[in-house]
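First the structure, in the form of structure tokens, and then the observations on it.
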Amino acid sequence: MTSVQVEQHDRTPGEGGQGEGDGEGYHRALGARQIQMIAIGGAIGTGLFLGAGKAISKAGPSLILAYAIAGLVIFFIMRALGELLMYRPVSGSFSDYAREFLGPFWGYATGWTYWLFWVVTGITEVTAAAKYMSYWTNDSFPQWAYALIFTVILYAANLISVKLFGELEFWFSMVKVTAIVGMILICAGILTVGFSDAAATASVSNLWNDRGFFPNGIGETLMTLQIVMFAFLAVELVGVTAGESKDPAKTLPKAINTVPWRIAVFYVGALIMIMSVIPWSNFKAGESPFVLAFEKMGLGIGAAIVNFVVLTAALSSCNSGMYSTGRMLRDLALNGQGPKFFTRLTKNGTPLAGTTFSAALMLVGVWINYVAPGKAFDYVVSFATISGMWAWVMILVCQIRYRAKADRGELPQSAFRAPGAPWTSWFALLFIGMVIVMMGVDKDSRVSLYCAPLWGLILGVSYLVLKARNPQGAAFNKVAR
């Protein structure tokens, strides 16, 4: 490992809490308020506001159970991540742990895969944000111009300071939270007081009186698990903030422990209320359940409200992509597995080269999407889902390896041990494996699996080429502890 990494590895969790920097050169500028909202926002995206319509049409009320079970798995993943973070909080997060516990190739593959995940996600989300803007402008302003404006603004915000990134994420998340809580309160009012046009059919019995809780069978419910898990992608982003949290020993465990109630309220609670007020058979694929609910309630502004919320969700995701890609590239560079110029930081502690390179690729992707949309672009986009879950797999495997070493006394115990581990981690791995099998069964999402071997081949070949050029380099010869 490099001297920079040796310094940082020797730090105790939370060290440098109120200081301006840490062993990696970053500024610890993210406070508890921002970390909490980053954690909340990471679990709420367009998958809920837009994608839930398709899932409801397939699974009916049983989708509530699917979200509850998947939410439990996400909690296991986040507690596994929390145990690793309290053992050693680093901005490299998953790739750094993979490098330590599995070997240099796995750190290389994880870092570049997570970087690609956010680049692709950034491309799709900034494009989506541009399309959402056309709702108000009626195509009077070109979409590519909106995409350019949004990319430049978020790029500039990420270079100014990590604190500004945190503030943007705080307010982006606040909009999403407010929309969901508002919907839940309106639905509760309809069920109890009986106002609005939907009062005549509103009843909790809607959850089981139309062909039961599993109207299309358990098989269809299982097929929606992939949609459900996709909605949770990016919840692990809080781990990337570890190196820039003011007091990681306090803020990160607190943020991770809010996962159960976040999922219970924002997913399970929202779906219970919506499907109690509006019978599930009214929902269709391609339609936002939130828009439909507002329309059935007689609230004509519902479409405009949801459009604003999904615009916010898209910008939030792109903002997160700008943040995480620069840090991942810098971590790879610090460990000799990426170009050295990615290690450069601005005076404000932001990774200039890595963020600029990633933002440039996002712009190229937007340009390709408008000039020559086609199947190739669709394949790349679909790959984002499987690459996102790769980070979860690495978190779980590394936590299992770490716990075994800590229990043998080879490494210090974490101050935030995952309950039930390693059995809960094994359960989460099996669950993710089942979701991947479901992706292979579903022809609409099967393309994601086709892309994975190609990316794996690229990673393997590039790693061997780099190692051949520097066969004695520490970055390619370290062994896992």
Side-chain angles (χ1 to χ4, degrees), residues 37-38 40-54 116-137 139 141-158 164-180 183 227 230-235 237 266-267 286-291 302-325 355 358-359 361-370 373 377-378 380-385 387-388:
M37 292 308 287
I38 288 172
I40 292 173
I44 306 172
T46 53
L48 174 62
F49 293 110
L50 293 176
K54 178 180 180 180
L116 179 65
F117 162 68
W118 275 114
V119 169
V120 172
T121 299
I123 290 171
T124 57
E125 295 292 9
V126 77
T127 302
K131 291 180 179 178
Y132 297 147
M133 286 299 295
S134 65
Y135 175 86
W136 289 290
T137 60
D139 298 324
F141 195 72
Q143 289 186 4
W144 67 265
Y146 279 125
L148 176 63
I149 291 170
F150 288 144
T151 303
V152 171
I153 290 174
L154 294 176
Y155 166 70
N158 272 270
L164 181 56
F165 157 78
E167 282 300 311
L168 283 174
E169 276 306 292
F170 176 86
W171 292 108
F172 283 151
S173 297
M174 185 64 74
V175 169
K176 293 185 283 187
V177 169
T178 301
I180 296 175
M183 171 64 75
I227 301 175
F230 298 161
F232 289 125
L233 288 175
V235 69
L237 179 67
F266 300 130
Y267 281 92
E287 294 183 3
S288 168
F290 284 73
V291 171
I305 292 174
V306 174
N307 193 76
F308 176 70
V309 173
V310 294
L311 170 64
T312 301
L315 292 176
S316 173
S317 183
C318 189
N319 188 42
S320 297
M322 290 280 188
Y323 173 85
S324 59
T325 51
T355 303
S358 302
L361 286 183
M362 290 180 190
L363 283 177
V364 170
V366 171
W367 178 79
I368 293 173
N369 189 37
Y370 285 113
F377 185 82
D378 293 338
V380 174
V381 171
S382 65
F383 175 68
T385 54
S387 60

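Keep in mind it's a predicted model, so treat the numbers as computed, not measured.
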Shortest non-hydrogen contact from Met362 toward Val119 =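 Shortest heavy-atom separation between Met362 and Val119 comes out as CG-O, 4.0 Å.
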message = For Ala179 versus Val309, what's the shortest heavy-atom pair and its separation?
response =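 Minimum heavy-atom separation between Ala179 and Val309: CB-CG2, 3.5 Å.
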key: Nearest-0.5 Å distance, CG of residue Asn307 to OG1 of residue Thr312   = 9.5 Å
task = Find the distance between OG (Ser387) and CH2 (Trp118) and round it off to the nearest 0.5 Å.
result = 10.5 Å
Min side-chain heavy-atom separation [X]-[Y] under 4.5 Å:
X      : Y      : answer
Leu315 : Tyr132 : no
Lys54  : Ile227 : yes
Leu154 : Cys318 : yes
Leu363 : Tyr155 : no

key: Set of residues satisfying ring pair (Phe, Tyr, Trp, His ring centres under 6.0 Å) with respect to Tyr146, sequence neighbours excluded   =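 Listed in chain order: Phe141.
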ask   = Run the side-chain contact (heavy atoms from CB on, under 4.5 Å) check on Phe117 and Leu233 step by step: do they pass?
value = CA-CA 10 Å; Phe117 162 68; Leu233 288 175; 4.3 Å; yes
inquiry  = Donor-acceptor check, side chain of Thr151 to backbone of Ala147, threshold 3.5 angstrom: yes or no?
reply    = yes
key: Aromatic plane relationship, Trp136 with Phe308 - under 30° parallel, 30 to 60° tilted, over 60° perpendicular   =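 Correct class here is perpendicular.
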